[in-house]
Amino acid sequence: MNFQEIIDLQRQFFNTNTTKNISFRIQELKRLKGVLKKNEAELYESIYKDFKKSEFETYTTELSIIYHEIDLAIKKVKKWARKKKASTGLTNLPGKSYIIPEPFGTVLVIGAWNYPYQLSLCPAIAAIAAGCTVVLKPSEVPSRTSATMERLINQNFDSSFFKVIEGGVKETTALLDIKFDKIFFTGSVPVGKIIYQAAAKHLTPVTLELGGKSPAIITKDINIDMTAKRLVWGKFLNAGQTCIAPDYVMVESSIKDAFLSAVKKHIDKSDYHVDNDNYTQIVNDKNFDRLVEMIEEEKIYVGSTGNKEERVIPPTVLRDVDFSDKVMQDEIFGPILPVLTFDTIDEAISKVKKLSKPLSCYIFTKNNAVQKKILNEISFGGGAVNDAVMHFTEQTLPFGGVGDSGIGNYHGKFGFETFSHYKSVLQKPFLIEPNLKYPPYSPTKLKWLKRIIG
Ligand code: NAD
């Protein structure tokens, strides 16, 4: 079956209105959870073979998040999909107004490689909850996880409803030629622009979950040890291959040395060592080479340029870094942490704002005024005060970027909304029809209309 035939089939199925049925959506979400649970061992094995991601991190950062999204959708979808009342103005009385969430239709989800299960399946879950049919194109970079998703989904779901299509640039380009009702993309800024342009040809709405350089700003009054502990975890989890990892740190000059030694202590205490089975590999040679190029050896505080054969780079902290350094030119997306310093909060803010709007921002401070100032003055997708990465796990928070870091958001109810059109309706009875708005127009009618409309 060619791509066009698959999409035609999905459109036909969508037009049967089966997916509008809430019990159908719940049944399919339960099916997905069942399939994943039953095949967890294979999911762990595939991702370990792809880039040595441990069972611990695969559960905590991929499967548990997927299961929570499914469980929440099953619990709430009836409420989310309910027609919502809206108030009606005097002009339209007697009448009532309401909003009906309706599924966009046949949607395309394009995944990124760094959290291959979660970044592919969470948008698909939101689309299913909203009542869409789904074509999922996972990243081809981790080839085994992509093949596993293809097998598990395509063997357990009807392709007219949910279909995985594997492939890279060629296949994605071919898919983008076809009209979808919504495209949900996770990946890099340059490819995000390609997706946006392709979608524009069909006037297809998009959600773009992109990347960027996410700062962590640290003032001198913090609990240094706990800050370092939280940052080391957030940065080196998945070997730094996390879109919301703190890309770089800006620390107040007076505590730089104390902060660096606390970071070193927590790296030493952690599982993030090249020979530890819980420490993830760099996904491929291309990314390994890209990362090594960013490391200026004379600035290494801890770490090294790693081992190419094993495709592993230890947690590497760079000190005395400047915004003009190579490591500060692009998103790092690996286990390299540049540490920069500042003397005033205005200086830190103005330097962060010279770069594109980040996906995340982390503020470590006990000073409420500083916290408020940063939240007020720096635009970013989402973030945390005195923590890193964990905001991602809150299903009550919309997850997405702003500016160069993305368009739109998802997670929990926000995912449902992302795949829904909110259809607005005014409903009138046949009781009466005042003549005021109808011709022939007259000064008296206008006077009354001005009184009523305001
Ligand atoms: P990528 O842009 O290279 O690839 C993403 C997807 O696009 C893949 O499925 C790939 O097959 C496809 N693709 C690649 N080139 C294409 C082209 N020319 N035409 C059409 N499709 C193409 O990104 P990646 O390397 O998989 O992921 C890394 C980037 O993604 C980082 O910038 C990271 O910050 C970002 N990211 C963002 C989020 C988020 O939630 N905002 C999550 C993870 C990763």
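Whatever order the structure lists ligands and atoms in, that order sets their numbers, starting from 1. All values reported here derive from a predicted model rather than from experimental measurement.
At a 4.0 Å heavy-atom cut-off, ligand 1 does not touch Val189 at all. At a heavy-atom cutoff of 4.0 Å, ligand 1 is contacted by the side chain of Leu119 but not by its backbone. Contact annotation for Tyr115 and ligand 1: no heavy atom of the residue comes within less than 4.0 Å of the ligand.
The pair Asp225-Lys229 does not count as a salt bridge, with every side-chain nitrogen at least 4.0 angstrom from each carboxylate oxygen. Under a 4.0 Å N-O distance rule, the pair Asp50/Arg144 qualifies as a salt bridge.
A perpendicular orientation is assigned to the rings of Trp113 and Phe333, their planes being inclined by more than 60° (bins at 30° and 60°). Using cut-offs of 30° and 60° on the angle between ring planes, the pair Tyr272 and Tyr279 is tilted. Taking the six-membered ring where the residue is Trp, Phe392 and His411 present perpendicular rings, their angle passing 60° and hence far from 30°.
The shortest side-chain heavy-atom distance between Thr227 and Asn386 does not fall under the 4.5 Å cut-off. Put simply, the side chain of Leu318 reaches to within 4.5 Å of the side chain of Ile300, judged on heavy atoms.
In this structure, Gly406 falls outside the shell of residues with a heavy atom less than 4.0 angstrom from ligand 1. Under a 4.0 Å heavy-atom criterion, Val141 is not in contact with ligand 1. Residue contacts with ligand 1 include Phe185, since one of its heavy atoms falls under 4.0 Å from the ligand. Not a single heavy atom of Gly401 lies less than 4.0 angstrom from ligand 1.
Using a 4.0 Å cut-off to heavy atoms of Ile194, the atoms of ligand 1 that qualify are 18 (N). Near Ile110, the atoms of ligand 1 lying under 4.0 angstrom from a non-hydrogen atom of the residue are 6 (C), 7 (O), 9 (O). Close contacts of ligand 1 with Glu140, meaning ligand atoms under 4.0 Å from a residue heavy atom, involve 10 (C), 11 (O). Close approach of ligand 1 to Thr186 is summarised as follows: ligand atoms under 4.0 Å from at least one heavy atom of the residue are 5 (C), 37 (C), 38 (C), 39 (C), 40 (O), 42 (C), 43 (C). Short contacts between ligand 1 and Thr172, defined as distances under 4.0 Å to a heavy atom of the residue, involve ligand atoms 20 (C), 21 (N). Atoms of ligand 1 lying under 4.0 Å from any heavy atom of Glu209, numbered from 1 in the order shown and given with element: 37 (C), 38 (C), 39 (C), 40 (O), 41 (N). Atoms of ligand 1 found under 4.0 Å from any heavy atom of Phe399, numbered from 1 in the order shown, are 40 (O). The distance from ligand 1 to the heavy atoms of Gly211 drops below 4.0 Å at these ligand atoms: 34 (O).
Regarding atom 44 (C) of ligand 1, its nearest protein heavy-atom neighbour is Asn114 OD1, 3.4 Å. Looking only at protein heavy atoms, the nearest one to atom 31 (C) of ligand 1 is Glu331 OE1, 3.5 Å. Distance from atom 8 (C) of ligand 1 to its nearest protein heavy atom, with residue and atom name: Gly111 O, 3.2 Å. With hydrogens left out, the protein atom closest to atom 23 (O) of ligand 1 is Ser188 N, 3.4 Å, a heavy atom. At the shortest separation from atom 26 (O) of ligand 1 among protein heavy atoms lies Trp113 CD1, 2.9 Å. Closest to atom 35 (C) of ligand 1 among all protein heavy atoms lies Gly187 O, 3.2 Å. Remark: minimum distance from atom 28 (C) of ligand 1 to any protein heavy atom is reached at Phe333 CE2, 3.5 Å. Protein heavy atom nearest atom 39 (C) of ligand 1, with residue, atom name and distance: Cys243 SG, 3.4 Å.
A donor-acceptor pair is defined here as one N or O able to donate and one able to accept, closer than 3.5 Å; no such pair exists between the side chain of Asp158 and the backbone of Phe161. Thr316 places a side-chain N or O within donor-acceptor distance of the main-chain N or O of Ser304, the cut-off being under 3.5 Å. In this structure a side-chain-to-backbone donor-acceptor pair under 3.5 Å is missing from Asn284 to Val141. Judged by distance alone, the side chain of Asn15 and the main-chain N or O of Arg11 form a donor-acceptor pair under 3.5 Å. Between the side chain of Lys137 and the backbone N or O of Ile110, no donor-acceptor pair lies under 3.5 Å.
The shortest N or O to N or O distance between Ala112 and ligand 1 is not under 3.5 Å. For the pair Tyr410 and ligand 1, the shortest N or O to N or O distance does not fall below 3.5 Å.
Figure legend: cation-pi geometry between Lys79 and Phe416 absent, as NZ or CZ is not positioned both under 6.0 Å from the six-membered ring centre and within 45° of its axis. Cation-pi check for Arg311 over Phe51 is not met; the charged atom does not lie both under 6.0 angstrom from the ring centroid and within 45 degrees of its normal.
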Exercise. Ring pair (Phe, Tyr, Trp, His ring centres under 6.0 Å) between Phe184 and Phe419: does it pass, once the steps are laid out?
Worked result: CA-CA 9 Å; Phe184 188 106; Phe419 288 98; 5.7 Å; yes
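Within the 4.0 Å cut-off (strictly below), no protein heavy atom is located near atom 4 (O) of ligand 1.
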